[in-house]
Amino acid sequence: MEKELLHKYETYIFFSLLILVFLSCEKNAEVLHPEMLKPNWNDVKSKNLKLNIGDIISIKVDNNLLYGIVMDYNEDEMGIWYGICLSKSKIEKSKINNALFFGRKIPSGLIQVKCIDCFDLTYLNENGLNENLIILESIILNRDYISIGGKSSAINLSEILRDYQFGTKQRLKKPTECNEKIFSIDRVDERYMN
């Protein structure tokens, strides 16, 4: 009886690994930005948006001036949440490709490991918006090139400062290469993306 159960368990593990290997070897362009990591811009039912996707913003908190871009939004019983990707420095529309955004590389696959470039977003509740958050300009974003990696929430602008300080501290660490330490808790995925 025990041998039968052990054999069934081994068979289950073998086929599970075989399926994972098959999926990791699949040559699909969607692997770079899987649907499950893309923002869902249809989630918000309200038409009274104070920020729009692609808004480049500045946020003044105490004596700090932060910059970010709105990449997502969600709505729940607490209202609308704006997904803001913070930047290391000021963002200019004409130099958007040079901006350094908070992001991470996430490994995908077991055998032929590829990296998914993702943006880290802080979701600010609409009740946290005030005159210290200013829209500087707007750009058009393509949802197909956005994958969301890390998510956090902020009820007010002070909590965005908290995320910014934590994020810059994490990005001082040496990032782990994509195909190294895949199952390690010591991985450092956070980095600046452009």
Side-chain angles (χ1 to χ4, degrees), residues 33 37-106 116-143 145-176 185 187-194:
H33 294 284
L37 295 178
K38 290 180 186 176
N40 183 359
W41 295 340
N42 298 321
D43 274 354
V44 176
K45 307 289 186 252
S46 174
K47 302 296 182 212
N48 300 325
L49 297 174
K50 297 172 186 163
L51 298 174
N52 293 302
I53 301 298
D55 282 349
I56 297 170
I57 59 172
S58 69
I59 305 166
K60 188 173 186 328
V61 185
D62 301 328
N63 294 325
N64 301 284
L65 190 57
L66 313 177
Y67 296 94
I69 187 167
V70 179
M71 290 189 173
D72 192 21
Y73 41 61
N74 291 314
E75 188 172 24
D76 65 14
E77 62 277 352
M78 289 184 64
I80 297 171
W81 298 82
Y82 297 94
I84 300 168
C85 185
L86 296 170
S87 174
K88 184 177 181 180
S89 58
K90 186 174 182 180
I91 306 166
E92 296 178 40
K93 187 176 184 176
S94 62
K95 299 177 183 176
I96 195 75
N97 291 334
N98 298 330
L100 296 174
F101 294 104
F102 283 25
R104 65 185 59 228
K105 285 188 180 279
I106 298 176
I116 302 171
D117 292 340
C118 300
F119 294 99
D120 290 350
L121 304 184
T122 297
Y123 287 82
L124 174 64
N125 187 271
E126 64 184 332
N127 296 322
L129 297 174
N130 63 37
E131 67 279 354
N132 290 326
L133 189 148
I134 299 169
I135 299 171
L136 302 174
E137 53 189 330
S138 294
I139 63 169
I140 296 171
L141 295 180
N142 185 338
R143 179 183 173 277
Y145 294 101
I146 299 173
S147 291
I148 300 172
K151 294 181 179 183
S152 63
S153 60
I155 295 174
N156 55 48
L157 298 183
S158 295
E159 291 183 358
I160 286 200
L161 178 61
R162 169 207 64 200
D163 285 2
Y164 178 82
Q165 291 170 335
F166 178 78
T168 53
K169 188 176 176 182
Q170 283 296 103
R171 284 160 182 84
L172 291 174
K173 299 176 184 176
K174 183 179 186 279
T176 306
I185 59 171
R187 280 190 61 82
V188 178
D189 293 317
E190 294 88 351
R191 61 199 73 213
Y192 291 107
M193 310 292 288
N194 54 7

Legend entry - Chi angles and distances behind the side chain to side chain contact (heavy atoms under 4.5 Å, CB included) call for K173, E190: CA-CA 8 Å; K173 299 176 184 176; E190 294 88 351; over 6 Å; no

What pair of heavy atoms forms the shortest contact from [X] to [Y], and how long is it?
{"X": "A154", "Y": "W81", "result": "O-CZ3, 3.6 Å"}
{"X": "V188", "Y": "K174", "result": "CB-O, 3.6 Å"}
{"X": "I148", "Y": "D72", "result": "CD1-OD2, 3.5 Å"}
{"X": "S153", "Y": "D163", "result": "O-OD2, 4.5 Å"}
{"X": "C85", "Y": "L121", "result": "CB-CD2, 3.4 Å"}
{"X": "I53", "Y": "M71", "result": "CD1-C, 3.7 Å"}

Ignoring hydrogens and geometry, is there a side-chain-to-backbone donor-acceptor pair from [X] to [Y] under 3.5 Å?
{"X": "Y82", "Y": "K50", "result": "yes"}
{"X": "R104", "Y": "I116", "result": "no"}
{"X": "K88", "Y": "A99", "result": "no"}
{"X": "S87", "Y": "L100", "result": "yes"}

Inset, instruction - Sort out for me which residue in I134, L66, I91, N132 forms a side chain to side chain contact (heavy atoms under 4.5 Å, CB included) with S58. - result: I134

Legend entry - Name of the residue among I69, N52, V70, D55 meeting side chain to side chain contact (heavy atoms under 4.5 Å, CB included) with L141: I69

Legend entry - side chain to side chain contact (heavy atoms under 4.5 Å, CB included) evaluation trace for I96 with F101: CA-CA 10 Å; I96 195 75; F101 294 104; 3.9 Å; yes

Drop me the distance from [X]'s [atom1] to [Y]'s [atom2], to the nearest 0.5 angstrom.
{"X": "I80", "Y": "L51", "atom1": "CD1", "atom2": "CG", "answer": "9.5 Å"}
{"X": "L37", "Y": "I146", "atom1": "CG", "atom2": "CD1", "answer": "12.0 Å"}
{"X": "K38", "Y": "N142", "atom1": "NZ", "atom2": "CG", "answer": "8.5 Å"}
{"X": "L161", "Y": "F166", "atom1": "CG", "atom2": "CZ", "answer": "14.0 Å"}
{"X": "K60", "Y": "L133", "atom1": "NZ", "atom2": "CG", "answer": "13.0 Å"}
{"X": "Q165", "Y": "N64", "atom1": "CD", "atom2": "CG", "answer": "6.5 Å"}

Inset, instruction - For E159, enumerate each residue passing the side-chain hydrogen bond (donor to acceptor under 3.5 Å, both in side chains) test, keeping only those at least two apart in sequence or located in another chain. - result: none

Inset, instruction - Please state whether the rings of Y192 and F102 are parallel, tilted or perpendicular, taking 30° and 60° as the class boundaries. - result: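 Rings of Y192 and F102: perpendicular, as their planes differ by over 60°.
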
Inset, instruction - Take L124 and L157 through the test side chain to side chain contact (heavy atoms under 4.5 Å, CB included) and record every step on the way to the result. - result: CA-CA 8 Å; L124 174 64; L157 298 183; 3.8 Å; yes

So, do [X] and [Y] sit near enough that their side-chain heavy atoms are less than 4.5 Å apart?
{"X": "L136", "Y": "Y67", "answer": "yes"}
{"X": "R171", "Y": "D120", "answer": "yes"}
{"X": "I160", "Y": "V61", "answer": "no"}

Legend entry - N125 and N127: side chain donor to acceptor below 3.5 Å: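 Result is yes, a qualifying pair exists.
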
